[in-house]
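Written below as structure tokens is the structure these notes are about.
Atoms considered below: every heavy atom in the structure, side chains included; atoms not considered: hydrogens, waters and symmetry mates. Being a predicted model, the structure only gives us computed values, none of them experimental. Just so you know, residue 1 is the first one in the sequence shown, and it goes up from there.
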Amino acid sequence: MASADTTTPEVSTPAVSEPADMPAAEVTPEPQAEEVVAVDTAANSTEAVAAAQVGRPEKAVWFGVYLRRDADLSSASDLREQLNAALGQDVPLSLLVARAAQQHVGLLGLNTVAIQDAYAHRARSVGERTASLRDALSAIDTDADGQPDMLVVNAGTLDLDEVHYPDTLSLSVGRVVDGRAALSLNGDVETTKAAEFLAAVAQSLEAPVALII
């Protein structure tokens, strides 16, 4: 008998290709917590401005009384315009307020008055109480001697109604709107005397001719 064919059929194995390189998985960095700075929204904006302007600590302790009244500055504003034209230079409103304060600061038992320049961070002299207006204008270019008893601040230059400083007695005049402005006093003085002083200053500004004599 013929022998049986025991040859094993050849099985072809399909070629297996190497997988293509897969792009590396993009790793998204974990979000980091943002630094949160606490802001005291209840802080008085005026105090913050004043502290930033003169480099004083924002958490300074306030002391004394605070008084405020409305003042008619229409006459003082008109006088300023006439003086500016006649003298050929700007007569600051703060100078007229300072001269009014000089006339009545004795009511508080005080003597010296200066103008606080919020931009230059300096207290400017306004001369002696008896100085002429020209002499007072010249004195503004110099620094006040020592520590003045009172600082006059023109808050209107900052487009504010008032600016005060926690460590000194300050008289603030605000922005003039329709001829009127806020006149306020803050510091360590007796309340009734402070009210009398503030009223006297307002009256002097309402009839300002005496301020230039």
Side-chain angles (χ1 to χ4, degrees), residues 43-69 71 76 90-158 160-175 181-202 204-205 211-212:
N44 185 289
S45 59
T46 299
E47 177 184 351
V49 170
Q53 293 287 339
V54 298
R56 293 187 173 104
E58 295 184 13
K59 294 184 178 180
V61 177
W62 292 84
F63 62 94
V65 300
Y66 167 79
L67 299 176
R68 172 171 168 162
R69 63 176 294 148
D90 179 57
V91 178
L93 175 61
S94 55
L95 178 60
L96 296 181
V97 176
R99 287 176 70 84
Q102 283 180 317
Q103 290 184 349
H104 307 292
V105 73
L107 293 171
L108 302 174
L110 304 175
N111 295 302
T112 56
V113 176
I115 295 175
Q116 176 64 36
D117 188 331
Y119 289 100
H121 314 329
R122 52 188 286 207
R124 296 180 178 272
S125 173
V126 293
E128 299 295 331
R129 186 179 66 84
T130 56
S132 67
L133 180 64
R134 287 185 180 273
D135 290 341
L137 281 170
S138 298
I140 285 181
D141 294 329
T142 62
D143 292 337
D145 294 331
Q147 178 64 41
D149 293 329
M150 176 182 293
L151 288 178
V152 172
V153 189
N154 186 355
T157 61
L158 301 174
L160 295 172
D161 292 325
E162 60 183 4
V163 171
H164 291 287
Y165 301 99
D167 54 356
T168 189
L169 177 65
S170 53
L171 173 64
S172 172
V173 58
R175 52 189 172 178
L183 197 64
S184 55
L185 182 72
N186 183 83
D188 190 14
V189 289
E190 201 272 324
T191 304
T192 57
K193 292 296 184 182
E196 186 179 352
F197 166 80
L198 201 60
V201 170
S204 292
L205 292 171
L211 302 178
I212 63 174

Exercise for the section: Walk me through it: do Leu95 and Leu133 pass the test side-chain contact (heavy atoms from CB on, under 4.5 Å)? Expected result: CA-CA 9 Å; Leu95 178 60; Leu133 180 64; 3.9 Å; yes
Fill in the blank from the handout: When rounded to the nearest 0.5 Å, the distance separating CG of Asp167 from CG of Asp188 is 12.0 Å
Problem - For Val152 against Ala101, the heavy-atom pair lying closest together - result: CG2-CB, 4.5 Å
Practice task
May I ask you to check whether over 12 heavy atoms, not counting those of Glu128, lie within 6.0 Å of atom CD?
Solution key: no
Problem - Flag, side chain of Arg99 to backbone of Ala131, donor-acceptor distance under 3.5 Å - result: yes
Exercise for the section: Applying side-chain contact (heavy atoms from CB on, under 4.5 Å), run through Leu169 and Leu108 and close with a yes or a no. Expected result: CA-CA 11 Å; Leu169 177 65; Leu108 302 174; 4.2 Å; yes
Handout entry: Derivation and outcome, side-chain contact (heavy atoms from CB on, under 4.5 Å), residues Val105 and Thr112
Key = CA-CA 8 Å; Val105 73; Thr112 56; over 6 Å; no
Exercise for the section: Check whether any side-chain heavy atom of Gln116 lies under 4.5 Å from a side-chain heavy atom of Ser170, and answer yes or no. Expected result: no
Completion exercise
Heavy-atom closest pair (Val113 atom, Val126 atom, distance to 0.1 Å) is O-CG2, 3.3 Å
Handout entry: Heavy-atom side-chain contact between Leu137 and Pro92 under 4.5 Å
Key = yes
Exercise for the section: Spell out, as yes or no, whether a donor-acceptor pair under 3.5 Å connects the side chain of Ser172 to the backbone of Val163. Expected result: yes
Practice task
Nearest 0.5 Å please: distance from the CD atom of Gln102 over to the CE atom of Met150.
Solution key: 10.5 Å
Practice task
Would you mind reporting whether Val189 and Phe197 have side-chain heavy atoms less than 4.5 Å apart?
Solution key: no
Exercise for the section: Could you check if a side-chain atom of Leu185 sits within less than 4.5 angstrom of a side-chain atom of Val65, using non-hydrogen atoms only? Expected result: no
Practice task
Might you point out which heavy atoms bring Asn186 and Tyr165 nearest each other, and give the distance in Å?
Solution key: ND2-O, 4.2 Å
Problem - Whether over 12 other heavy atoms sit under 6.0 Å from Arg129 CZ - result: no
Problem - Separation between CG of Asp135 and OG of Ser125, rounded to the nearest 0.5 Å - result: 10.5 Å
Exercise for the section: Using atom types as modelled and distance alone, determine if a side-chain donor or acceptor of Gln147 lies under 3.5 Å from a backbone N or O of Thr168. Expected result: no
Handout entry: Closest non-hydrogen atom pair, Arg124 against Ile140
Key = NH1-O, 3.1 Å
Handout entry: Side chains of Ile212 and Val91 in contact at under 4.5 Å (non-hydrogen atoms)
Key = no
Problem - Closest non-hydrogen atom pair, Ala144 against Pro148 - result: CB-CG, 4.0 Å
Exercise for the section: Could you please spell out the steps behind the side-chain contact (heavy atoms from CB on, under 4.5 Å) verdict for Asn154 and Val97? Expected result: CA-CA 9 Å; Asn154 186 355; Val97 176; over 6 Å; no
Handout entry: Ion pair check, Arg175 and Asp161, cut-off under 4.0 Å
Key = yes
Fill in the blank from the handout: Between Ala120 and Asp117 the two heavy atoms that sit nearest each other are N-OD1, 3.0 Å
